[in-house]
Amino acid sequence: MDAPVIDVRDVSTTLGGQRIHRGLSLSVRRGEVVALIGGSGSGKSVLLREIIGLIRPQAGAIELFGQSVCDASPSQMNALRRRFGVLFQDGALFSSLSVEDNVAVPLFEHSDLPHATCRQLARLKLAFAGLPPGAARKRPSELSGGMRKRVALARALALDPELLFLDEPTSGLDPISARAFDDLIRLLADSLGLTVFLVTHDLDTLFSIIDRVIVLADGRVLGSGTIDELRTIDDPWLKDYFATRTPKGEAIHGN
Ligand SMILES: Nc1ncnc2c1ncn2[C@@H]1O[C@H](COP(=O)(O)OP(=O)(O)OP(=O)(O)O)[C@@H](O)[C@H]1O
């Protein structure tokens with residue numbers, strides 16, 4: 001069997017004197033679309049930042065593609081970064097750059113291609129993310145929130161990653177744009193064979209595009225599985241969470 005694409009083992013994290021993760025373990029296989037859920041402050045975003053090497057946990061091991069993140073040298077981390085894309089909650093676009101240059105930045109940084117070629121590739125990624133050609137020369141501030149999310153997604157895809165991290169991808173979007181964005185993520189995962197790991201509060205995302213849900217509580221993984229499997233867990237937060245939405249025959253994607 002393939003080694004997991006993401007492997008988190010026994011991670012413990014304390015930040016500002018607060019224990020956030022207490023021996024947390026999870027893994028994600030190639031091609032899975034996995035959502036991480038949990039109450040506010042349960043440590044989802046911190047875990048995401050640890051997995052991508054921005055924060056170092058006090059204890060435990062994190063591997064991406066079989067390579068340790070915690071022990072990676074700067075050049076090893078750089079090589080790892082080329083294999084994954086990240087879409088942060090606020091998009092983190094550069095307001096002073098054009099949309100196409102925002103998407104081209106990873107190519108400017110990680111390839112030896114001429115800038116004109118990087119921009120051509122950026123325009124392809126923008127089309128892939130569903131943006132019209134006219135958007136490329138605009139500034140991010142001239143686009144709608146939904147379009148800016150798509151620019152950020154195009155940038156996360158700039159280096160043709162195998163793995164995509166998304167932090168609250170549908171936050172701030174109206175329901176129609178949110179569902180369209182969900183559909184785009186699933187389409188990309190299916191057509192490119194991407195592994196997707198996302199943090200979300202959006203139940204519609206879980207019901208529509210996710211293969212497996214991982215629940216964080218009390219600094220550990222409370223459960224992992226399809227929504228139907230998680231409904232059987234006797235936990236007050238989880239029961240309240242799912243009670244906000246009754247099943248309408250929506251089936252979670254098979255696992
Ligand atoms: N740099 C930091 N220094 C100190 N504490 C931090 C830091 N970053 C996060 N925390 C704390 O860690 C805890 C977990 O934060 P995190 O952002 O991971 O929660 P979350 O599960 O993503 O929450 P939400 O769903 O509300 O976004 C919070 O109590 C937060 O205040």
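Just so you know, ligand 1 is whichever comes first in the structure, and atom 1 is the first atom listed for that ligand. Index from 1, following the sequence.
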Would you sort out whether R186 and D183 count as a salt bridge (charged side-chain N to carboxylate O under 4.0 Å, His left out), showing the intermediate values?
CA-CA 5 Å; R186 187 72 224 189; D183 291 344; over 6 Å; no
Does the salt bridge (charged side-chain N to carboxylate O under 4.0 Å, His left out) test come out yes or no for R139 and E142, once each step is laid out?
CA-CA 6 Å; R139 303 275 160 167; E142 296 175 85; 5.4 Å; no
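The immediate protein surroundings of ligand 1, defined as residues with any heavy atom under 4.0 Å of it, consist of L15, Q18, I20, G39, S40, G41, S42, G43, K44, S45, V46, H201.
Listed by first and then second residue, the ring pair (Phe, Tyr, Trp, His ring centres under 6.0 Å) pairs involving residues 62-84 are F84-F165 (not counting sequence neighbours). Counting only residues at least two apart or in different chains, ring pair (Phe, Tyr, Trp, His ring centres under 6.0 Å) contacts with residues 16-50 are absent.
Two residues are said to be in side-chain contact when any heavy atoms from C-beta on lie closer than 4.5 Å; S224 and R212 meet this criterion.
For D10, there are no side chain to side chain donor-acceptor pair (under 3.5 Å) partners two or more places apart in sequence or in a different chain.
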